[in-house]
A.B. asks: 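Got a structure here, written out as C-alpha cells. Questions coming.
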Amino acid sequence: MLGLMLKETARLLSEGKVSAAELCAACVARARQVQQLNVFITETYDTAQKQAAESAQRHREGRRLHVLDGIPVTIKDAFSTAGVRTTCASRILRDYIPPYSATMVQRLVDRGAVSLGKTNMDEFAMGCGSVDSLFGPVRNPWRYNFTTTTTTTTNKHTRAIRDSSQDSKGKNMQMRTMHHHHVTSTEDSDWFITGGSSGGSAVAVATGICKAALGSDTGGSVRNPASYCGVVGLKPTYGLLSRHGLIPLVNSLDVPGIFTRCVDDAAIVLGALAGHDPWDSTTVPDAFHPFSLPEDIDVTHLHVGIPKEYHAPHLSEETLHTWREVADMFEDAGAKVSQVSLPHTPYSIVCYSVLCAAEVASNMARYDGLEFGHRGSDESSTEALYAQTRHEGFNDVVRGRILAGNYFLLKRHYDHYFIQAQRIRRLIADDFKTVFDSGVDILLTPTTLSPAWPYSWFVKADNRTRTEQEDVFTQPVNLAGIPAVNVPVALSEAGLPIGLQLIGPSFQERTLLAAAKWVEQQVNFPHLQLPEP
Amino acid sequence: AKMAATARKICAVRVFLTSRRSVCTCNMLYANAKAKKDYARALPGDWQGRVGLEIHAQISSNSKLFSGSQVQFSAPPNTLVSPFDASLPGTLPVLNRQCVEAGVLTALALNCHINRRSLFDRKHYFYADLPAGYQITQQRLPLAVNGHLTFDVYDERTSQRQVLKSCQVRLKQLQLEQDSGKSLHDQENGEVLVDLNRAGVALMEIVTEPDLVDGTEAAAMVKELQLILQALGTCDGNMSEGSMRVDANISVNRRGEEMGTRAEVKNIGSIKFVQKAIEYEMQRQIELLEGAGEVEEETRYYDWKLGKTISLRDKEQRHDYRYMPEPNLPPLILYTYTSAPGGAGNTVVNIDRIREQMPELPAATRHRLVQEYNIPFQHSVALVGEGLVEYFENVVDVKGKGRDPRSAASWVLTDLLEQLHKRSLTFQECPVTASKLGEIVDLVTMGTVSTSTGKKILSLLFDGDNRSLLQIIEDNQWAQIRDEETLGRICAEVLLRHPELVEAYGKGNKKVVNRLMGEVQKVTNKCADPSITSRLLREKLEGQ
C-alpha cells in the first residue's frame, strides 16, 4: 500500500479495498519508521487520522469529494495552515500559528486530502540542501543507514535534533553560520543531502509517507530535491497556481510545486490545484481544464531541444551519460532532437542573486516582532527591539540576503543592479521564447550537476556557494516563468537517483507532462523500497 | 496620550468653527479690511514665496485599498484588520476596483491625463504603524499626471466674499496608495500603542507643482479641492478626522533669483492652519536668510498652539526609501469604450463610463445658482463653500412652492448657520429640515409672524421643540397683529401715555417714531406688524 502510486491508491479507496483510515495509519507508521530523516517540522497525525476517518465515512456513503479524497499528503512548512503552526524553518516564526490557510492547502482540504504534517525545509526556502533549518537538516533516504538498534536510541537521537532547535539563542545563532551545528557525530554525517529547499516534502513522497506533497520552487526548490530523492517534481507555469498563503521567497519567481511518485499523479494533483484565485492577482484568469495523460504517447511529432549551454563544467559523467541516453531514446522513437542555444544562461545565477536579495530584503521587512512571530526582549526603543528581534529571528543566510538586497535597492545602486538584473531576466526569458518559437516543443536538460552529495562534503562550503552551484539548470526556468518537471531516470553506480529536467513553454503542462510520462515509461525507474514498518 | 490627542482634535474643530462664524457675522467692508496691515500679509521687500502641496485624500470606500476590511472612523482599535492589513506572511494585495474608479473620477475632475497603464511600487521604511515595512504606492507610473485646478481666492474676512483673484495650480500627479496605521505615544509608560484600523485604507495623493505664492492661495486651493472631492463623493474632505491631510513644501527667494531651499511642513490638519503654517514658515525663512543664515532642507510640523512650525529633527529624514516594483500586483490597465475587451462587462475600469458619471463641480454650481436663482455671487460662493446648496435648493422649491431665492439664501446663510455655529453642530447634524425652514420662511413672508419671531421659532426647533409651527405661535401668542383697528387703538393709547414724545415730534424730531414703535412692541409682546404700526403712528402724529 505504501509503495503504490496515488492513482492506484485512489482506485483501491473508491473500490473499498482499503479504507482511508487504514491508509493513514500505515502512512503514520511509515513516518515513524523513518523519523530519523527529520522530514517533519510539525506532525499533524491526530488531525490526519480524524480527517481520514471522515474520508472513510464519505467513501462508505459513496460521497467521495475528489480523486484526492482520503489521499495522504504533506505540506512544505512555507504554506500557511490555519490553526497549525507555520514556521518556514525559522526561529522568527517558530510559534506562529496562521489564522488562515493558503489557497493550495485549502484546495487540498476541500478535496478531502489528508494532511500528515508540515515538512522541513531550508529557512525561508533559502538554500538547496534542506540543511539550513532551525529544526536540523533533512536526510536523504537513499542509501541511508537506518539505525536498527533499539527504538530508544532512535527516540533519543530524534530528540537530539529537536532539542538543538529549542535553545538556539544568542550564542548559538552565531554558530549557525557553519553548517555543523545540529549533527555532531561523524558517523551521523555519513548520509546524503536531500537537495532543497523543499527536502522534507521530497523525502515524504520518496519514502511513501504520503502520495503527494506540496513544495515551492523559486530557483529549483522542488526539482532539485525531486532529483536527489528520485521522485517527480513539477514546477508549473508562474500564475497557474495560487501563491496566496505561501510565505514568499521571491514573489516574482515563487511557484507552488508538486511532488509525486509518478507523472500521472502529478497531473492529478495539478488538476486539483490549478486555476484562478481571487486572492492572488498574479494568477491567470482563464479556467484551467484538468487533464489526464494517455498510456500510449506518440513522440514522433515531438521536437526535443538540447540546450548546449547546459553542458556545464562540473556536470558529472553519470548525469551527462543519462542525459545522452534519454536524448537518444527520443531520437530512436522518432522524435526530432536538436541542439539549441540559450545564450544568456551563464548570467542567470548573478541575475537571480540580485533579484532574489532585493525581494527578500523587502519581504522580510514585515518581521518586526510586533504583529506576529518572535519578539526580542530589548524594549529600550522601537529600533532596538527591531534589531534584536530580527537578529535573533533570522539565520545568517537570511540576514546576508537582506543586507545585500537593501544595498541593491539603494537609490544610487538601483539602476546598476536591480534594473540591470531585470534586463538580463528579460533576455533569459527571450532565449526560451526564441527556442520555443522556432518549433521546439520541450527542452531536455539535467536537473542537477550530479547525484546527491554527502552531507559532510556539502557543508564544507557556505549556503551561497552551494546555491550558485546547485541551481544552474533550474533557475533560468523560474526567471522565464515557464513550466518544468524533474523525472527520475536512473540510479548512479553508488545507488543514488539521477533525474532529468523537461522544460516546456508557458501553460503547456499537458505536452510537458506527456513527454515526461513517456520518459518515465521508457526508463522504468527503480523506486525506493523500504521494509514494511 | 490618547486623551490628549482627542482633546487636541476637539480644540481644532472649535477653532475652525469659530473662524467660520466670523466669516458670516462680521460685516466689515472689503475696503476697510484691505487697509488692515495683517490682511494680505504680503512678503516684505522683494521676497517671494513658493508653495507646492501634497494632499492625502482618503478615498470614501467601504473597504480598504488591497483588502476586504471595512473602513470606519473611530471604530474600536484593531477591529478592522484583515490578515493582509497586519501583513501576515503569505498574504497578497488585491486591488479594490471602487478605489481605482474614485481615483479616475477625481483625476478627470482635476483635468489630469490618465495613464492607461499604471504601476504599483513598494516604498520601504520601518515604523511601528507600517506593518509590512513598506507602503504600496505609485512612484514610477502613477494613475494620472499633468492636471490643473482653477480656484478663486475670496476675501474671507467679509461677508461679501469678493473674489480677490483667480488662480491656477498645476497638478503633477495623482497616485493611489495605502495609508499607515496610527501610533499613539504613551509618554507615561514609555509605550507606543498601535492601531491598525487605518492601515491599508486607500489614499489619493495629489501633488501640485510649486505654483502657489502664499498661505492664502494655498488655503483657497485646498478649500476648492475639498469642495471638488466632496462634490465627487470620492473623499469626505473631513480634515479633523484626518481624511484629508496636507503637506506643504515651502521656500522663499528674492525676485529674479532661483527658488530657495524648501522645508516641508507635514500633516497640517485644517485649512486655516495651512494658511498660518505657510505664513509663519515663509516669515521664518526670510528672517533666516536676511540674517545671513540658511534654510535647511528638513521636515517640520505646525504646532497650532504655538502658531509655529517646528523641526522634527528626524535624523533619518533623508530616507532612502529603496523603491521596488510591487511584484504581487500586475500593471493596472484602464480602458475606454473603444479599448474595452469584449464581454468583459463590469470587470474592467472604463474611463469613458466614469466620465459620464461626473457630477456638477463647485465652479459650475456657483454660476448656476446665480443664473438660476438670481442670488448674489457671494451668496452662491457661501452656499457652495458651506455645503448648503442642496439644502438651499430644497428651501426654495419644496414641493414646487417656489419661495423667493434671495430670502431663502439669507435664511440659510445667516440664520441657519448662526444656529449651527452657536451649537457647534456640523451641517450633517442639523436637526431642522429644509422643508421646516421653508415653512418658517412662508410664515414670515405671509406676515403671520415677524422676522424676529421666525428666528425665535428656528431656535426652538434647534432646541428640539417638536410642536407644529402654528402650535408654537399660538402657545406663545406670537401671531403678528395686522388688524388696523386693533393696532390703531393700541397706537392711540401709546400716544396718549407719551405726550412728551408727541410734542417732540411736533417740533420736528421725526426720530421719536422709533421710540413710539418700541412702546407699541412692548405692549404687544413684539407682535405688532412693524410696517402697519409705523404707518399708523405717522398718520396719527401728522393728524395731531
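Order of the sequence lines fixes the chain letters, A, B, ..., with proteins taken first and strands second; residue numbering starts at 1 for each chain.
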A.B. asks: Closest heavy-atom contact between A:Tyr367 and B:Pro89?
C.D. replies: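 Closest pair (atom of A:Tyr367, atom of B:Pro89, distance): OH-CB, 3.4 Å.
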
A.B. asks: Could you go step by step and tell me if B:Thr91 and A:Tyr100 meet the side-chain contact (heavy atoms from CB on, under 4.5 Å) rule?
C.D. replies: CA-CA 9 Å; B:Thr91 52; A:Tyr100 77 105; 3.5 Å; yes

A.B. asks: Within a strict 4.5 Å, meaning less than it, do heavy atoms of the B:Leu196 and A:Glu371 side chains meet?
C.D. replies: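 Yes. Closest side-chain heavy atoms under 4.5 Å.
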
A.B. asks: For chain B, which candidate among A:Phe79, A:Phe418, A:Tyr386 shows the most heavy-atom pairs at distances under 4.5 Å?
C.D. replies: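 Result: the option with the highest number of such pairs is A:Tyr386.
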
A.B. asks: Mind checking ring-ring contact (aromatic ring centres under 6.0 Å, His included) for A:Tyr238 and listing every partner two or more places apart, or none if nothing turns up?
C.D. replies: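 For A:Tyr238, no residue satisfies ring-ring contact (aromatic ring centres under 6.0 Å, His included) once neighbours in sequence are set aside.
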
A.B. asks: Restricting to non-hydrogen atoms, name the atom on B:Val94 and the atom on A:Pro278 that form the minimum distance, rounded to 0.1 Å.
C.D. replies: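 Smallest interatomic distance, heavy atoms only, reads CG2-O, 3.4 Å.
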
A.B. asks: May I have all residue pairs that pass side-chain hydrogen bond (donor to acceptor under 3.5 Å, both in side chains) and include part of residues 404-420 of chain A, sequence neighbours excluded?
C.D. replies: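 Only A:Asn406-B:Arg322, A:Gln420-A:Arg423 qualify under side-chain hydrogen bond (donor to acceptor under 3.5 Å, both in side chains).
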
A.B. asks: Tell me, do B:Pro131 and A:Arg366 make a side-chain contact under 4.5 Å, heavy atoms counted?
C.D. replies: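 In short, these two side chains do not touch, never coming nearer than 4.5 Å.
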
A.B. asks: Give, as side chain, backbone, both or neither, the part of A:Glu379 having an atom under 4.5 angstrom from any heavy atom of chain B.
C.D. replies: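 No part of A:Glu379 comes within 4.5 Å of chain B.
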
A.B. asks: Please classify the contact of A:Asp254 with chain B as side chain, backbone, both or neither, using a heavy-atom distance under 4.5 Å.
C.D. replies: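 Contact with chain B involves no heavy atom of A:Asp254 at all.
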
A.B. asks: Indicate yes or no: at least one non-hydrogen side-chain atom of B:Leu88 is less than 4.5 angstrom from one of A:Tyr96.
C.D. replies: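 Answer yes - side chains close enough.
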
A.B. asks: Given a strict heavy-atom distance threshold of 4.5 Å, which part of A:Leu385 is in contact with chain B: side chain, backbone, both, or neither?
C.D. replies: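 When you check distances to chain B, no heavy atom of A:Leu385 falls under 4.5 Å.
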
A.B. asks: Counting only heavy atoms not in A:Arg107 (residues, nucleotides, ligands), do more than 12 fall under 6.0 Å from its CZ?
C.D. replies: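 Yes - once you tally the heavy atoms of other residues, nucleotides and ligands closer than 6.0 Å, there are more than 12.
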
A.B. asks: Do A:Leu409 and B:Tyr321 have side chains that approach each other closer than 4.5 Å (heavy atoms only, starting at C-beta)?
C.D. replies: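 Counting from C-beta outward, A:Leu409 and B:Tyr321 never come under 4.5 Å.
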
A.B. asks: Just so I understand: if I count every heavy-atom pair under 4.5 Å between each of B:Tyr127, B:Tyr134, B:Phe84 and chain A, which residue has the most?
C.D. replies: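 Highest number of pairs under 4.5 Å: B:Tyr134.
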
A.B. asks: With a strict 4.5 Å heavy-atom criterion, list every residue of residues 323-331 of chain B that contacts chain A, or say none.
C.D. replies: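 When heavy atoms of chain A are the reference, residues 323-331 of chain B contributes B:Tyr323, B:Met324, B:Pro325, B:Pro327, B:Asn328, B:Leu329, B:Pro330 within the under-4.5 Å range.
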
A.B. asks: Roughly how far, to the nearest 0.5 Å, is the OG atom of B:Ser87 from the CG atom of A:Asp368?
C.D. replies: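 Answer for the CG-OG pair, A:Asp368 versus B:Ser87, is 6.5 Å.
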
A.B. asks: Please look at A:Ser80 and chain B and tell me whether the side chain, the backbone, both or neither of the residue comes under 4.5 angstrom of a heavy atom of that chain.
C.D. replies: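 Only the side chain of A:Ser80 comes within 4.5 Å of chain B.
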
A.B. asks: Using non-hydrogen atoms and a 4.5 Å limit, figure out which bit of A:Pro98 sits close to chain B: side chain, backbone, both or neither.
C.D. replies: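 Contact with chain B is absent: no heavy atom of A:Pro98 under 4.5 Å.
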
A.B. asks: So which residues of residues 242-251 of chain A are in contact with chain B at a heavy-atom cut-off of under 4.5 Å?
C.D. replies: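 Interface residues of residues 242-251 of chain A: A:Arg243, A:His244, A:Gly245, A:Leu246, A:Ile247, A:Pro248, A:Asn251.
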
A.B. asks: Got a second to check how far B:Asp320's CG is from A:Leu410's CG, nearest 0.5 Å?
C.D. replies: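 Between atom CG of B:Asp320 and atom CG of A:Leu410 there are 4.5 Å.
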
A.B. asks: Counting only heavy atoms not in A:Arg426, do more than 12 sit closer than 6.0 Å to its CZ atom?
C.D. replies: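 No, the 6.0 Å shell around CZ holds no more than 12 heavy atoms from other groups.
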
